[in-house]
Amino acid sequence: MRSIRLTLLAMLCSVPLAHAADGKGMTWTKLGHSSAFGIDQVGCNGGAVDGCNPYQGDTSCKNILPVLCVKNDGSPRPPYTATPSEFYDGWLGGQITTTLPILGDALRSRSVGDKLCSSSFGSGWRMAEFHDNPSGGWGFRAYGNVRSSQHYWVAINDQPANCWNP
């Protein structure tokens with residue numbers, strides 16, 4: 001475990017820091033957990049006081065937060081009720097977890113986030129993305145039980161709301 005942390009630290013320290021528009025990246029939160037199914041609901045939580053901004057980012061890239069990681073393994077959907085709809089609360093088809101906290105400015109590209117996830121958890125793990133919900137965006141459910149007390153760095157592929165955006 002110590003060697004993984006040292007490798008990650010060396011990887012992150014050897015790259016120039018990113019500079020996002022207005023210095024902000026998008027973050028998500030845990031919206032709920034179903035112990036009956038062993039799944040979490042995570043999402044943008046737009047509109048809330050501490051909600052995310054998928055268009056310009058919502059959190060200073062000077063903050064140190066975990067990266068939300070996903071592994072799409074084709075897990076069948078449990079019989080949960082999507083709220084308000086599958087578009088906002090679809091099934092990922094896999095698992096989620098989080099990395100150790102990282103400075104947002106160290107996320108200089110999507111591939112850095114992906115490598116952080118795969119080096120921390122193994123093959124098939126990558127950084128979560130806003131559109132990982134196959135029915136839409138804004139949120140999804142997956143197997144896991146991430147912490148509910150903080151936000152997580154999440155990528156978005158069609159907006160300048162990442163810490164690596166110019």
_I'd like to know if Asp58 pairs up with Lys24 as an ion pair, taking the criterion as any Lys NZ or Arg NE/NH1/NH2 lying under 4.0 Å from an Asp or Glu carboxylate oxygen._
no
*Joint hydrophobic cluster, Leu116 plus Leu65, side-chain heavy atoms closer than 4.5 Å*: yes
*Parallel, tilted or perpendicular: which fits the ring planes of Phe130 and Trp28, with parallel below 30° and perpendicular above 60°?*
perpendicular
*How many angstroms lie between OH in Tyr55 and CG in Asp158, if you round to the nearest 0.5 Å?*
9.0 Å
*asked:* Using side-chain heavy atoms (C-beta onward) and a distance below 4.5 Å, is Tyr80 in contact with Asp89?
replied: yes
*Residues in salt bridge (charged side-chain N to carboxylate O under 4.0 Å, His left out) contact with Lys30, at least two apart in sequence or another chain*: Asp40
*Cluster question for you: counting only ILVMFWY and a side-chain heavy-atom cut-off of under 4.5 Å, with indirect links fine, are Val146 and Ile39 together?*
no
_Side chains of Thr27 and Thr59, donor plus acceptor under 3.5 Å_ = yes
*Same cluster or not: are Val67 and Trp125 linked, directly or through other Ile, Leu, Val, Met, Phe, Trp or Tyr residues, by side-chain heavy atoms under 4.5 angstrom apart?*
no
*asked:* Looking at Glu129 and Asn157, would you say the former's side chain and the latter's main chain have a donor-acceptor pair under 3.5 Å?
replied: yes
*asked:* Nearest 0.5 Å, please: how far is CZ in Phe140 from CH2 in Trp91?
replied: 10.0 Å
*Shared ILVMFWY cluster between Val70 and Phe37, side chains joined below 4.5 angstrom?*
no
*Apply side chain to side chain donor-acceptor pair (under 3.5 Å) to Gln159 and list each qualifying residue two or more places apart in sequence or on a separate chain.*
none
_When you measure from the side chain of Asn162 to the backbone of Asn165, do you find a donor-acceptor pair of N or O atoms at a distance under 3.5 Å?_
no
*Please check if Leu68 and Trp138 belong to a single hydrophobic cluster, counting links between Ile, Leu, Val, Met, Phe, Trp and Tyr side chain heavy atoms closer than 4.5 Å.*
yes
*Listed partners of Ser111 passing side chain to side chain donor-acceptor pair (under 3.5 Å), at least two apart*: Ser109
_N/O donor-acceptor pair under 3.5 Å between Asn133 side chain and Gly139 backbone_ = yes
